[in-house]
Amino acid sequence: MRKKKYNLYTKKEISNNIKKISHQLMIRSGMIEKSSCGIYTWLPTGMRVLKNIKKIIRKEMNKNNSLEICMPILQSKKLWKKSNRIKLYGKELFKIKDRNNKTMILSPTHEEIITNFIKNKIHSYKELPIILYQIQTKFRDEIRPKEGILRAREFIMKDAYSFHKNKKSLNNTYNKILKSYIKIFNIMNLKIKIKKVNNGIIGGNISHEFHVKYTKLIKNKIKKRKKKYNKSIEIGHIFQLNTTYSKIFNAFIKTKKKENKIIEMGCYGIGISRLIGAIIENNCDKNGIIWPISIAPFKVSIIPINIKKYTNVKKISEKIYSQFKKNKIEAFYYDTPEQPGKMFAETDLIGFPYKIIISQKNISKKCVELQNRKTQSKKNIKIKNILKVFIKKIKKK
């Protein structure tokens, strides 16, 4: 992407009221912009990260033969009254009225609507097991929305629901998805802790939460930065719901013996927007974000020094950018005259994993400089080899 065609929306200063590192960096790096309390606009850089995370999740869910759907954000109050969760959720549940004074629910989750759908569509044991999932915006009227997207009123989730003829089938799928979650979080460079917990108001008897630690950066007297761990962030939750909802909605199948049997059910969630905050909390330094290459908005920034002054610098920069684009490598190219310090600070803040620095001095040696954002290592690479070397580095990651 050329700088001329892409507004980064970065900020040098933000409100002192923003305390969480991930919240600060997401605002400063131009990923999100606050719209109102607990509600954010996702800007182009944030959308690129979201797209990469969704791609990883979809790939792993599809390996389990999951089918993607999209359920409505607005749900009937009748469904929630039937499950009694309209009372259990209490004030966290957003309720709105239409022109006919009919109360609708802004979805925090979709157990009711998916079970009601299955009841009307699945009738035989031969049609099971089935896993349906969606990536959807959800709503929760948080009492104290704070910490940016870590505790918002509007958030993005991947929620999946599985349906089974018996507990053995449910357990098999549950364990498969548990392993898939571990793989998803590993790809995103997250060290997770899995906790067996109570199912709470969701229902059922077995559930596991996936947590990562907060990393709080603090300054000491000599202005060095240290890492300190406090409470963890829940980024995923899976449940064996058993027959909690299928009983309520009378969702059953005909067995081999032509008998009616209540369907067994599982539920599997990943808080995608919260996940991004967790990744930043655990991958940052005093200069900004350090994205794992799998989810970075751009893999590399191409930084020409004095592009207006030196025609060679522009020529080589254009050539490298064209090569990367042709090979479908997401590169951000500063094709406008900028001060070197501004370009370095901006790309460190946003967190591009690599920089390619093109200067007249290095061109005279037929080289460009490749920098690693995480390790801060620098290496001169022959211009003719830069694409090959970079592709090799990406494949290693």
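All values reported here derive from a predicted model rather than from experimental measurement.
Between D159 and Q136, the side chains place no donor N or O within less than 3.5 Å of an acceptor N or O (distance only, hydrogens not considered). Residues T45 and Y6 have side chains that bring a donor and an acceptor to within less than 3.5 angstrom of each other. In the model, S180 has no side-chain atom that pairs as donor or acceptor with a side-chain atom of E60 under 3.5 Å. Side-chain N/O atoms of H237 and Y268 include no donor and acceptor closer than 3.5 Å.
Using a 4.0 Å cut-off between a side-chain N of Lys or Arg and a carboxylate O of Asp or Glu, K355 and D348 qualify as a salt bridge. Taking a cutoff of 4.0 Å between a charged side-chain nitrogen and a carboxylate oxygen, K81 and E112 do not qualify as a salt bridge. Salt bridge annotation for D141-K91: absent, with no cationic side-chain nitrogen under 4.0 angstrom from a carboxylate oxygen. Classification of E264 and K167 as a salt-bridged pair holds, one side-chain N sitting under 4.0 Å from a carboxylate O. Salt bridge absent: E154 and K138 never bring a charged side-chain N and a carboxylate O closer than 4.0 Å. The pair D335-R2 counts as a salt bridge, with a side-chain nitrogen and a carboxylate oxygen less than 4.0 angstrom apart. Salt bridge E318/K314: absent, no basic N to carboxylate O contact under 4.0 Å. The residues K121 and E127 are annotated as not salt-bridged, no charged nitrogen and carboxylate oxygen being separated by less than 4.0 angstrom. Under 4.0 Å is where a charged nitrogen must lie from a carboxylate oxygen, and between E92 and R140 at least one such pair does.
Side chain of N242 to main chain of T244: no donor-acceptor pair is present (N/O by atom type, distance under 3.5 Å, no hydrogens or angles). Counting only distance, with no hydrogens or angles, the side chain of S169 and the backbone of N166 share no donor-acceptor pair below 3.5 Å. A distance-only check finds a donor-acceptor pair linking the side chain of T115 to the backbone of E111 [under 3.5 Å]. Between the side chain of Y354 and the main chain of K393, no donor-acceptor pair closer than 3.5 Å is present. In this structure, the side chain of N283 engages the main chain of I279 through a donor-acceptor pair within 3.5 Å. Side-chain atoms of N306 do not come within 3.5 Å of backbone N or O of K309 as any donor-acceptor pair. Here the side chain of T336 pairs no donor or acceptor atom with the backbone of K3 at under 3.5 angstrom. Side chain of Q134 to backbone of M71: a donor-acceptor contact under 3.5 angstrom is found. For the pair Y310 (side chain) and P304 (backbone), a donor-acceptor distance under 3.5 Å is absent. Listed for the N64 side chain is no donor-acceptor partner under 3.5 Å among the backbone atoms of S66.
When each of I14, I18, I32 is checked for a side chain to side chain contact (heavy atoms under 4.5 Å, CB included) with M26, only I32 meets the rule. For the side chain to side chain contact (heavy atoms under 4.5 Å, CB included) criterion with I248, the lone passing option out of K119, K82, R85 is K82. Considering P129, S162, S246 as possible partners of I263, the one that fulfils the side chain to side chain contact (heavy atoms under 4.5 Å, CB included) test is S246.
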Item checked: Stepwise side chain to side chain donor-acceptor pair (under 3.5 Å) test for T41 and E33 -> CA-CA 5 Å; T41 297; E33 182 74 15; over 6 Å; no

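Rounded to the nearest 0.5 Å, atoms CD (Q323) and NZ (K384) are 13.0 Å apart. Interatomic distance, H110 NE2 to I69 CD1, rounded to the nearest 0.5 Å: 8.5 Å. For the atom pair CD1 of I358 and CD1 of I386, the computed distance is 8.5 Å after rounding to the nearest 0.5 Å. Interatomic distance, D285 CG to I290 CD1, rounded to the nearest 0.5 Å: 4.0 Å. Expressed to the nearest 0.5 Å, how far NZ of K165 lies from CD1 of I130 amounts to 14.5 Å. Note that OG of S15 is 8.5 Å distant from NE2 of H23, once rounded to the nearest 0.5 Å.
Under the side-chain contact (heavy atoms from CB on, under 4.5 Å) criterion, K19 pairs with no residue at all, not counting sequence neighbours.
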Would you be so kind as to tabulate the donor-acceptor pairs closer than 3.5 Å made by side chains of residues 271-278, with sequence neighbours excluded?
from : atom 1 : to   : atom 2 : distance (Å)
S273 : OG     : I156 : N      : 3.0
R274 : NE     : L150 : O      : 3.1
R274 : NH1    : E234 : O      : 3.1
R274 : NH2    : L150 : O      : 3.2

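Dense packing is recorded around NZ of K51, with more than 12 heavy atoms of other residues, nucleotides or ligands lying under 6.0 Å away.
Membership of the apolar cluster around F94 extends to I73, L74, I96, M104, L106, F139, as traced through chained side-chain contacts below 4.5 Å between ILVMFWY residues.
In terms of heavy-atom proximity, A296 sits nearest to N52 at O-ND2, 2.9 Å.
Ring to ring, Y181 and H208 are not that close: their centroids are 6.0 angstrom or more apart.
A single hydrophobic cluster is not seen to contain both F344 and Y333; linkage of ILVMFWY side chains at heavy-atom distances under 4.5 Å, directly or through other members, places them apart.
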